[in-house]
Amino acid sequence: MDLKYTPSEFESGIYKKWEEKGYFRSEDKSEKPPFAIVLPPPNVTGALHMGHALTCTIQDIIVRTKRMQGFNTVWFPGTDHAGIATQMVVERELAKKGVSRHDLGREKFLEKVWETADRHHDIIIDQMKTLGVSLDWERERFSLDEKFNEAVNRVFCSLHDKGLLYRGKKLISWCTRCGTALSDLEVSQEPEDGKLYYIKYSAEGSASDHVVVATTRPETLLGDTAVAVNPADKRFRRLKEKNVIIPFVERKVPVIADDYVDMEFGTGCLKITPGHDFNDYEIGNRHGLETVTVINKDGVMNENAGIFGGLKVSDARTLIIEKLKDSGALEKIEDYQLTISKCSRCGTVIEPLTSRQWFVKMDGMAAKATEAVKKGDIEFYPRGWWEQTYYNWLENIRDWCVSRQLWWGHRLPVWYCDSCDGYKISSVKPSAKCKCGKGEYFQDSDVMDTWFSAALWPFAAFGWPEKTDALKTFYPNQLMETGFDIIFFWVARMIMFGIEFMGDVPFRHVLYHAMVRDEKGQKMSKTRGNVIDPLETIKEKGADSLRFTLASHAGHARDIKLSESEITGYGNFMNKIWQASRFTFMSLDGLDTGFDLKDAVHCINKWIVSRLNSVAAEVEAKFQQYQLSDITEILYRFFWHEFCDWYIEFSKPMLASEEYGQETKYTLAYIHREILKLLHPVIPFITEELYGLNPLKDNESIMTASYPVPDKEAVDKTLEGDISLVRDMISSIRNIKSMYGITSKVDVIAISEKHGAMLEMLSGQIVKLAGLKKLDIRDASKSGAVERKGNIRSVLPDLELVIPARDIIDIEKEKTRLGKKLESVNRDLDMLAGKLKNPNFLEKARPEIIENDRNKHDELAKLRRELGDALEMLESCAVS
RNA sequence: GGGAGGUUAGCUCAGCUGGGAGAGCAUCUGCCUUACAAGCAGAGGGCCGCAGGUUCGAGCCCUGCACUUCCCACCA
């Protein structure tokens, strides 16, 4: 065994072994209870980042724990084709060579995309393996594979049959760069400095009369089909049922009254462009207005824009402003802070325009999805955090535009007739002729929103629409672990489709993880240059260090601030585990592996077993709530500050003793093995490596070992308290020695009523750990002969320590030390006494609280007496 | 505009149905004590964001405010 912890030497080998042995496998049919979780499929757009490392770590911890607990555990792997995102990555690559996707053509372009997707896929899988994920690789799927396509088509057709899918010409968000329609979610609002233009529209039949409208998009006036005012606005009464004339296109449009118009804003007069604005579109619908489209899908003004036709939107705007100025129709320009819609993928300004697209009706499914969470069929963790957000979104949901004018994705299973308006929904080309009798069917060239297929993961992954055993066993999944940023994109839609197509929710629990940020709390991004690369980190510090660090942050906060130094810090813990293991193994010569733990009698051995079981119970409780950060903290503390700092130190003389040697060796090996098991889900590599060296290992891999089940019988709180007193005693002596700068060994007289026997048993260790020459244990009832005067004293509950040190004692120092202690005791005591005197407290507080406070009070009172006594003796000492 | 978080030691965060503030890291001091200097031992450090209120008792509950992060939203 190496003297130092060097993870690079064993991590990759261990992973290979796990894979070869098939430890990640799950069974379609099994006697064991199922535990299913689907990995949120990473996009094949690039390499993994810290966010992926976090989600993988969290899921792997849960999955490994469940597997060791005896569940038929499946962690389902896959990657997502990520339609628009991946297509864009490839388009960018091509753009560097000056090639567009249209230059290549659909088929050639898709070949390129597949190449890219495959390349990224391989990188991603390798990265995940490096991190140690225990995904059931044999089940791996791709969201664009053939079987997935079947499932997607099935759902599409079925939605259509149910009347939940329709084709409609509506105003939609259009990205002119991507050349596709987008769903609401794919549009982000960004603040921008803009201008508000005040433009005169002259009234029909009156050369002098006019209205002024305020707009941020003057170029859309070409598509205006009305001007709206508030019905209550007296200023515009004269124009009721009159027309105004749109400049340039000289169109007469009506002045209409609509409550939507805010009298206070701008001029109180609103230009209505139903063809290019969502509000206007609705107002237009209310008033039966014509919709005029002036902007084409390529972002160029069309023939309806008159002399501006053929200009790009931005150029048209500049020119219009110029011409309005020239004609005197531009009243003024104000600076204005506006929010602008942009394509969340490429940042291009969104053009709302009317287009024929496919929509999924959402309200019915949304209601059921809301209900499922309200009823508790699905629970969100952290509890209650995202529920409100989820409800709000579902309650205000709009129909989902699922068609995309992209090439990379699931092709719509829609077939149009080339000679009439007829169409058919079908996964395969319809064999029959169209009703019209003449036409041939051709397939829609559009593809589906990526999230459409993503919404099927929890059941499509297990073979749906076939009724597979896997589906029967693993649906609903037990858990979905993901980022809260895709709660609408993905989680809500999985829930809706799950209920719709499987008749049950897709998963029981949803665990949301935080966003990984840099140490200053800023988002990690390449442009900021603050990215911590998981692979680099693993190479330098090992996967376990990274995993432990990430897990230590996996509480229920929304942000994680990650720093390199922290990962290094937890690397120290890995080394500590390594070193303690070295000690363990080198101490086990002559171990009887058949020893029965129940035969161990030494209080220290019983104590550490008790502590182990207490800790296992704590971990179990935290695991129930997915409080992984608490688990890492508990285990860190237990391993380092109890097992290493105290147990190992106490065990040293015991290991060599004739009487306790055997039981101590066994206990040491046993505790070591059990802690490794508790730690394994978090830090799988080092624990596997060390488990293999533990003579008590009960199988060839810790992955197949059983997770520690807390044994209540083994927990002895009294014993834990007693040992705690011994620890306090040692700490207290160390404290005194440190204060006085005593480096030599000292004598200590310990006076106790009840703890004599235990102190006697542990005297060897106490002498060593506290740095004593001699420990003299006396019975409190017969301690009269102890000379306290002029000696250093320390008082613990039922334990008084006297250090004969007349020659070194510094009266003033000692007075300060004891005085400080007394002060703090007095403070607590006053507080307690005050409480216990308060009739209101005695009357209203819960009895157990009062009882508890009384006990505390009595204990402190005793301490105070003894401290006072000690101080008094110092005084008399000073005098004499 | 609506909604949800956050504010506790220098930093990162825990703090249970309200019982009287904790951890890790960092800092300071002393130690190469034969598992570990990536270590051991000891110590210091807090108007729990501000102001009210409820209560015998508030870091925790209520109200307001400040700062901050994030969602959602059609004010031209």
Side-chain angles (χ1 to χ4, degrees), chain A residues 3-5 184-185 189 196-197 213-217 220 228 260-262 264-273 277-283 336 338-339 341 352 382 384-389 391-393 396 484-485 487-488 515 517 519 521 552-553 555-563 565-566 568-587 627 629-630 632-634 636-637 640-641 644-645 648-649 652 730-731 734-739 741 743 768-771 828 831-832 834-835 838-846 848-850 852-853:
Chain A
L3 287 174
K4 281 193 171 173
Y5 165 67
D184 304 335
L185 288 175
Q189 311 289 330
L196 193 56
Y197 303 90
V213 297
T215 180
T216 55
R217 298 199 58 190
T220 63
Y260 171 78
V261 181
D262 181 353
E264 308 295 317
F265 189 88
T267 60
C269 197
L270 175 65
K271 65 191 268 313
I272 303 297
T273 323
D277 183 283
F278 286 99
N279 293 314
D280 295 4
Y281 184 73
E282 276 176 29
I283 294 171
Y336 188 66
L338 46 92
T339 51
S341 302
W385 264 41
W386 302 102
E387 282 166 19
Q388 203 51 47
T389 313
Y391 295 144
N392 287 347
W393 187 72
N396 300 307
F484 55 81
D485 49 330
I487 181 167
F488 308 134
M515 182 88 95
R517 296 169 182 280
E519 60 216 301
S552 79
H553 282 288
H556 292 171
R558 276 212 284 214
D559 289 319
I560 289 175
K561 290 176 196 158
L562 191 69
S563 66
S565 62
E566 201 178 5
T568 309
Y570 282 120
N572 294 353
F573 179 50
M574 298 308 125
N575 186 55
K576 186 73 182 179
I577 294 171
W578 193 262
Q579 298 304 338
S581 302
R582 277 185 55 225
F583 172 83
T584 300
F585 302 146
M586 67 175 67
S587 309
Q627 283 283 17
S629 57
D630 288 349
T632 57
E633 193 191 319
I634 290 165
Y636 181 99
R637 276 237 282 280
W640 200 317
H641 299 303
C644 292
D645 289 354
I648 285 187
E649 294 308 326
K652 283 175 181 171
I730 293 166
S731 296
R734 284 169 172 170
N735 179 345
I736 291 165
K737 288 184 70 177
S738 164
M739 256 196 77
T743 47
K768 194 173 162 223
L769 295 177
D828 292 352
M831 187 269 292
L832 283 169
K835 256 168 107 172
N838 185 337
N840 281 322
F841 173 70
L842 296 175
E843 195 184 319
K844 291 177 185 170
R846 284 203 310 271
E848 65 266 30
I849 300 283
I850 300 174
N852 196 17
D853 281 354

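A, B, ... follow the sequence lines: proteins, then strands. Residue 1 opens every chain.
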To the nearest Å, how far apart are A:F573 CZ and B:C36 P?
18 Å
note: A:R734, atom CZ; B:G30, atom C1'; distance rounded to Å ~ 13 Å
For A:E387 and B:G3, give me the distance from atom CD to atom P, rounded to whole Å.
18 Å
Nearest to the side chain of A:Q189, heavy atoms from C-beta on, is which of B:A38, B:C74, B:C72?
B:C74
Check: B:C74 base within 3.5 Å donor-acceptor of A:Y281 side chain:
no
Position toward the 5' end of RNA chain B (nearest nucleotide), A:R517 or A:E566
A:E566
Among B:A38, B:G3, B:A23, the one nearest any side-chain atom of A:N572 is B:A38
How far does the P atom of B:G1 sit from the matching atom of B:G19, given to the nearest Å?
38 Å
For B:A76, does either OP1 or OP2 sit under 4.0 Å from a side-chain N or O belonging to A:Y336?
yes
A:H641 has a side chain; which of B:C74, B:G24, B:G19 sits nearest to it?
B:G24
Any chance you could lay out the side-chain hydrogen bond (donor to acceptor under 3.5 Å, both in side chains) test for A:E848 and A:N852, step after step, and finish with the verdict?
CA-CA 6 Å; A:E848 65 266 30; A:N852 196 17; over 6 Å; no
Of the candidates B:A76, B:C71, B:A38, the side chain of A:F488 sits closest to B:C71
Result for 5'-nearest mapping on RNA chain B, choosing between A:C269 and A:H556, is A:H556
Hey, does the side chain of A:W578 come within less than 4.0 Å of B:G39's phosphate (OP1/OP2), counting only N and O?
no
How about CD on A:E264, more than 12 heavy atoms from neighbouring residues, nucleotides or ligands closer than 6.0 Å, or not?
no
Spacing between A:E843 atom CD and B:G57 atom P, to the nearest angstrom
13 Å
Distance, rounded to the nearest Å, where A:I730 contributes CD1 and B:U33 contributes P:
19 Å
Of the nucleotides B:A14, B:A76, B:A38, which one has an atom closest to the side chain of A:K4?
B:A38
What integer number of Å spans the C1' atoms of B:U54 and B:G3?
27 Å
Within the pair A:K576 and B:C40, is there a side-chain N or O less than 4.0 Å away from OP1 or OP2?
yes
C1' gap between B:G44 and B:C28, integer Å:
7 Å
Should A:K652 be listed as having a side-chain N or O under 4.0 Å from OP1 or OP2 of B:A35?
yes
Counter-base of B:A51, judged by Watson-Crick or G-U geometry with both distances under 3.5 Å:
B:U63
Under 4.0 Å from OP1 or OP2 of B:G2: is there any side-chain N or O of A:N392 that close?
no
Side-chain atoms of A:A580 come closest, of B:A35, B:A76, B:A23, to B:A35
Opposite nucleotide pairing with B:U34, Watson-Crick or G-U, both atom distances under 3.5 Å:
none
Could you tell me which nucleotide pairs with B:U17 by Watson-Crick or G-U wobble geometry, both distances under 3.5 Å, or answer none if nothing does?
none
B:G19, B:C75, B:G24: which one has an atom nearest the side-chain heavy atoms of A:Y570?
B:G24
For a quick test of reading the model: is some side-chain N or O of A:Y636 closer than 4.0 Å to OP1 or OP2 of B:C25?
yes
If you check every side-chain atom of A:N575, which of B:A35, B:A38, B:A4 has the closest atom?
B:A38
Which listed nucleotide (B:A35, B:G24, B:A76) is nearest to the side chain of A:C644?
B:A35
Separation of the P atoms in B:C11 and B:A38, to the nearest angstrom:
27 Å
If the P atom of B:A26 is compared with that of B:G64, how far apart are they to the nearest Å?
43 Å
Determine the interatomic distance between C1' on B:U17 and the same-named atom on B:G5; round to the nearest Å.
23 Å
For a 4.5 angstrom cut-off between non-hydrogen side-chain atoms, does A:Y636 reach A:K576?
no
Considering only atom C1', compute the distance from B:G45 to B:A51 and round it to an integer number of Å.
27 Å
Would one find a side-chain N or O of A:S565 under 4.0 angstrom from OP1 or OP2 of B:A26?
no
Any strand counts, and the cut-off is 3.5 Å on both contacts for Watson-Crick or G-U wobble. Which nucleotide pairs with B:G57?
none
Expressed in angstrom and rounded to an integer, what is the separation of A:R846 atom CZ from B:U55 atom P?
18 Å
Between the base of B:A35 and the side chain of A:E649, is there a donor and acceptor pair under 3.5 angstrom?
yes
Taking a pair to mean Watson-Crick or G-U wobble geometry with both distances below 3.5 Å, B:A4 pairs with B:U69
May I ask which nucleotide in the shown strands pairs with B:G10, Watson-Crick or G-U wobble, both distances under 3.5 Å?
B:C25
With heavy atoms under 4.0 Å as the rule, sort A:S581 into base, sugar-phosphate or nothing.
nothing
Roughly, in whole Å, what's the span from CG in A:N279 to C1' in B:C74?
3 Å
Just to confirm, is there a sub-4.0 Å distance from OP1 or OP2 of B:U12 to any side-chain nitrogen or oxygen of A:K561?
yes
base_contact_polar (B:A76 base, A:R217 side chain, donor-acceptor, <3.5 Å):
no
When you get a sec, tell me which of B:G19, B:A35, B:G39 is the closest nucleotide to the side chain of A:R582?
B:A35
Gap in Å between the two P atoms, one belonging to B:U55 and one to B:C60, rounded
16 Å
Could you state the CZ-P distance from A:F583 to B:G39, rounded to the nearest angstrom?
18 Å
